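Predicted model only: the values in this text are computed from it and were never measured. Each residue takes its place number in the sequence, starting with 1.
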Amino acid sequence: MQLHLAVVLLCATAGLFAIAGAEDPYRFFDWNVTFGDIYPLGVRQTGILINGQFPGPDIHSVTNDNLIINVHNSLNEPFLISWSGIQQRRNSYEDGVYGTTCPIPPGRNFTYILQVKDQIGSFFYFPSLAFHKASGGFGGIRILSRPRIPVPFPDPAGDYTVLVGDWYKSNHTNLKARLDRGKKLPFPDGILINGRGPGGASFNVEQGKTYRLRISNVGLQNSLNFRIQSHRLTLVEVEGTHTLQTTYSSIDLHLGQSCSVLFKADQPAKDYYIAVSTRFTSRVLTSTAILRYSNSAGPVSGPPPGGPTIQIDWSLNQARSIRTNLTASGPRPNPQGSYHYGLINTTRTIRLANSAGQVNGKQRYAVNSVSFVPADTPLKLADYFKIGGIFRVGSISDNPYGGKIYLDTSVMPADYRAFIEIVFQNNENIVQSWHLDGYSFFVVGMDGGQWTTASRRGYNLRDAVSRCTTQVYPKSWTAIYVALDNVGMWNLRSEFWARQYLGQQFYLRVYTTSTSLRDEYPIPKNALLCGRASGRHTRPL
């Protein structure tokens with residue numbers, strides 16, 4: 001029956017994704033998104049469920065797979081899913097943020113057509129509209145290497161997704177309403193591990209075997225530290241890059257970041273705490289899960305293991321130690337170090353400074369003084385249909401100028417195939433976390449104080465990690481190199497979700513005059529059309 005259904009789906013939708021790689025496998029997913037009661041911190045609240053699950057189901061895939069994900073919106077409000085870290089090569093229409101994709105109306109469905117082209121690693125998906133992320137709707141994504149591509153460690157005995165994040169007892173509607181009134185959000189109420197509060201999640205292991213954990217910080221506000229009582233963690237992958245296999249007592253994960261660690265179940269057989277706690281906060285939230293040996297002699301005992309709290313140097317030093325394994329293969333057989341990014345001259349430097357302030361008596365956040373406001377039509381559709389008056393290319397500058405915050409639909413132009421430097425300057429006293437859709441970038445440097453051209457002397461131009469989300473420490477800067485090889489309209493945003501919602505984001509329009517399919521796919525035939533794009537036509541079916 002399942003085989004018959006897959007054949008029917010393939011035939012029925014073949015016309016929609018003919019541009020995808022015909023030689024690569026297809027994986028089909030059918031998701032129903034609903035509201036439902038959840039009790040992660042002991043009180044009833046409304047959660048967003050996918051096929052009745054909170055968190056949502058994992059997506060298992062292999063490099064180059066085509067993922068056909070039919071999403072039925074059974075909520076009473078519009079809904080979108082975005083795919084953090086999935087690069088949507090040549091196809092930003094499928095990115096699932098409001099700047100690229102029309103929301104799925106209540107009672108309707110939309111089929112995402114994704115290809116995990118030339119990617120491996122650990123990522124996650126999440127709802128991108130209306131502060132839905134505070135109610136769930138997120139889940140893990142894993143992209144395995146193809147069978148003949150060597151992986152730089154033996155197959156683990158088990159491979160677990162671990163979604164961690166801070167959490168509010170309030171429903172997303174209440175949090176959104178507070179932000180819409182121009183107020184800040186309070187401190188979160190707790191931390192969830194795979195959708196459960198303290199002691200609620202457990203992971204089973206057998207003594208003497210090695211396991212992989214794919215950990216993602218899917219929270220809203222805080223950096224988190226992850227550790228396992230009496231066990232060491234060996235970092236092996238960060239957002240699609242195999243790393244040098246450095247061993248740590250604990251790992252910092254900033255908002256929106258993902259990584260893979262290996263650990264060996266080499267301790268006396270009993271139960272152990274897995275602990276997750278907030279970083280850089282005066283009040284420390286901690287949650288726990290249980291690591292349970294199959295031949296356990298007893299339950300957990302004593303307090304959960306302590307971790308770093310407000311120490312920035314500890315985190316900075318760990319971040320600098322995360323480096324690319326140059327000899328390991330990535331998604332292709334050739335070594336990751338065969339791309340010598342440090343020998344390429346940059347053609348442009350973009351400096352981005354985040355800020356907070358009031359506009360018309362309401363709290364707003366900005367990039368280079370521009371606080372983003374969504375248009376009435378997705379920017380990518382306005383670009384495709386050449387609808388004027390929706391956004392202006394160049395509405396955000398390459399450099400901060402220190403002026404007052406103002407509102408605009410900010411879009412920055414960028415040239416296809418340019419190789420650029422972006423410097424994130426954080427003059428505030430909290431950690432920032434930045435994500436760029438459509439790309440991985442090389443994190444070449446980070447340090448305290450103000451960035452200057454002299455800062456380049458300290459860049460890592462050999463084995464910097466390539467990832468899609470990076471932190472910027474308080475009163476500090478982080479520099480990245482990006483090869484703009486993916487045409488489209490790409491969201492560059494804060495992963496601090498209230499700041500993103502209130503304006504700390506913009507779109508990078510990577511543009512070419514070429515109309516070749518080698519550079520960008522045409523608009524999907526099944527694309528939803530909304531706003532001023534309503535009533536227009538995509539392409540003939």
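For the pair Y93/T101, no side-chain contact is recorded, criterion being any heavy-atom separation below 4.5 Å from C-beta on. Put simply, the side chain of F280 reaches to within 4.5 Å of the side chain of I312, judged on heavy atoms. Between T470 and F424 the shortest side-chain heavy-atom distance falls below 4.5 Å. Using a 4.5 Å heavy-atom threshold, the side chains of I274 and F226 count as touching. Residues L144 and I120 are not in side-chain contact: their nearest non-hydrogen atoms beyond the backbone lie 4.5 Å or more apart. At least one side-chain heavy atom of F110 sits less than 4.5 Å from a side-chain heavy atom of N526. Between K169 and N174, every side-chain heavy-atom pair lies at or beyond the 4.5 Å cut-off. No side-chain heavy atom of T234 sits under 4.5 Å from any side-chain heavy atom of T246.
Here CD of E237 is found 3.5 Å from OG of S122. Values are rounded to the nearest 0.5 Å. To the nearest 0.5 Å, the span separating CG on N66 from CG on L114 amounts to 9.0 Å. One distance of note links CG of D155 with OG1 of T210; it measures 11.5 Å at 0.5 Å rounding. We find the CG-OG distance between N426 and S476 to be 7.0 Å, quoted to the nearest 0.5 Å. Of the inter-residue distances, the one linking L244 atom CG with T247 atom OG1 reads 11.5 Å to the nearest 0.5 angstrom.
For the residue pair R279 / S223, no side-chain donor-acceptor distance below 3.5 Å is found, with atom types taken as modelled. Between the side chains of S260 and R212, at least one donor N or O lies within less than 3.5 Å of an accepting N or O. Side-chain contact of Y248 with S321: a donor-acceptor pair under 3.5 Å is present, judged by distance alone. Checking N334 against R332 by side-chain atom types alone, no donor-acceptor pair falls below 3.5 Å. For the residue pair R178 / S170, no side-chain donor-acceptor distance below 3.5 Å is found, with atom types taken as modelled. For the 3.5 Å distance criterion, the side chains of N70 and T111 qualify, holding a donor opposite an acceptor. Under 3.5 Å, the side chains of T243 and N325 contain no donor-acceptor pair of N or O atoms. Between the side chains of E428 and N354, at least one donor N or O sits under 3.5 Å from an acceptor N or O. Side-chain contact check for N225 and S277: no donor-acceptor pair (N or O, by modelled atom type) lies under 3.5 Å. The closest side-chain donor-acceptor pair between E94 and Q88, if any, does not fall under 3.5 angstrom. The closest side-chain donor-acceptor pair between Q318 and D252, if any, does not fall under 3.5 angstrom. Using a 3.5 Å distance cut-off with no hydrogens or angles, the side chains of N32 and S74 do pair a donor with an acceptor. A donor and an acceptor atom, one from each side chain of R499 and Q504, are located under 3.5 Å apart. Between the side chains of D437 and N491, no donor-acceptor pair is found at a separation under 3.5 Å. There is no side-chain donor-acceptor pair under 3.5 Å between H231 and D266. Side-chain contact annotation: N460 with R462, donor-acceptor N/O pair under 3.5 Å absent.
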Test side chain to side chain contact (heavy atoms under 4.5 Å, CB included) on V238 and R467; report intermediate values, then the result. CA-CA 7 Å; V238 167; R467 63 187 313 164; 3.3 Å; yes
Run the ring-ring contact (aromatic ring centres under 6.0 Å, His included) check on F187 and W167 step by step: do they pass? CA-CA 9 Å; F187 193 67; W167 190 259; over 10 Å; no
Run the side chain to side chain contact (heavy atoms under 4.5 Å, CB included) check on Q471 and M446 step by step: do they pass? CA-CA 9 Å; Q471 72 274 25; M446 55 177 65; 4.2 Å; yes
Could you walk me through whether D159 and R214 satisfy the side chain to side chain contact (heavy atoms under 4.5 Å, CB included) test, starting with their C-alpha distance in whole Å, then the side-chain angles of each, then the deciding distance to 0.1 Å, before giving a yes or no? CA-CA 7 Å; D159 191 335; R214 299 172 185 264; 2.9 Å; yes
Trace of the side chain to side chain contact (heavy atoms under 4.5 Å, CB included) decision for F123 with I143: CA-CA 8 Å; F123 307 97; I143 309 173; 3.8 Å; yes
Check the pair Y341 / F442 against ring-ring contact (aromatic ring centres under 6.0 Å, His included), numbers first and verdict last. CA-CA 8 Å; Y341 69 92; F442 296 95; 4.2 Å; yes
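Contact detail for A289 and I193: the closest heavy-atom pair is N-CD1, 3.8 Å. The two residues P304 and T288 have their closest heavy-atom pair at CG-CG2, 3.7 Å. Between A464 and T324 the shortest heavy-atom distance is O-OG1, 2.8 Å. Closest approach of S84 to H435, counting heavy atoms only: OG-CE1, 3.5 Å. Across N91 and P524, no two heavy atoms sit closer than the pair OD1-CG, 4.4 Å. Across S440 and S466, no two heavy atoms sit closer than the pair CB-OG, 3.3 Å.
Using a 4.0 Å cut-off between charged side-chain N and carboxylate O, D118 and R89 make no salt bridge. For K133 and E495, the salt-bridge test passes: some basic side-chain N is under 4.0 Å from an acidic carboxylate O. Classification of D447 and R320 as a salt-bridged pair holds, one side-chain N sitting under 4.0 Å from a carboxylate O. With salt bridges taken as basic N to acidic carboxylate O contacts below 4.0 Å, none links E77 and K176.
Looking only at distances, a side-chain donor or acceptor of S433 sits under 3.5 Å from a matching main-chain atom of L255. A donor-acceptor contact shorter than 3.5 Å links the side chain of E239 to the backbone of T469. No donor-acceptor distance shorter than 3.5 angstrom exists from the side chain of Y272 to the backbone of Y293, with no hydrogens or angles considered.
Cation-pi contact between K209 and Y211: absent, since separation from the ring centre below 6.0 Å together with deviation from the ring axis within 45° is not met.
Considering Q119, R146, E23 in turn, R146 is the only one that fulfils the side-chain contact (heavy atoms from CB on, under 4.5 Å) rule with N64.
Taking the six-membered ring for Trp, Y112 and F29 have ring centres at least 6.0 Å apart. Ring centers of H254 and Y473: under 6.0 Å apart, within the cut-off.
Y125 is linked by a ring pair (Phe, Tyr, Trp, His ring centres under 6.0 Å) to W31, W83, counting only residues two or more places apart in sequence or in another chain. Checked against ring pair (Phe, Tyr, Trp, His ring centres under 6.0 Å), H132 has the following partners two or more places apart in sequence or in another chain: F79, H172.
Between W490 and Y439, the ring planes are perpendicular. Angles over 60° get that label, and only those under 30° would be called parallel.
More than 12 heavy atoms of other shown residues, nucleotides or ligands fall within 6.0 angstrom of atom NZ in K270. Dense packing is recorded around CG of N295, with more than 12 heavy atoms of other residues, nucleotides or ligands lying under 6.0 Å away.
Applying the ring-ring contact (aromatic ring centres under 6.0 Å, His included) definition to pairs two or more places apart or across chains, those involving residues 139-164 are Y160-F203.
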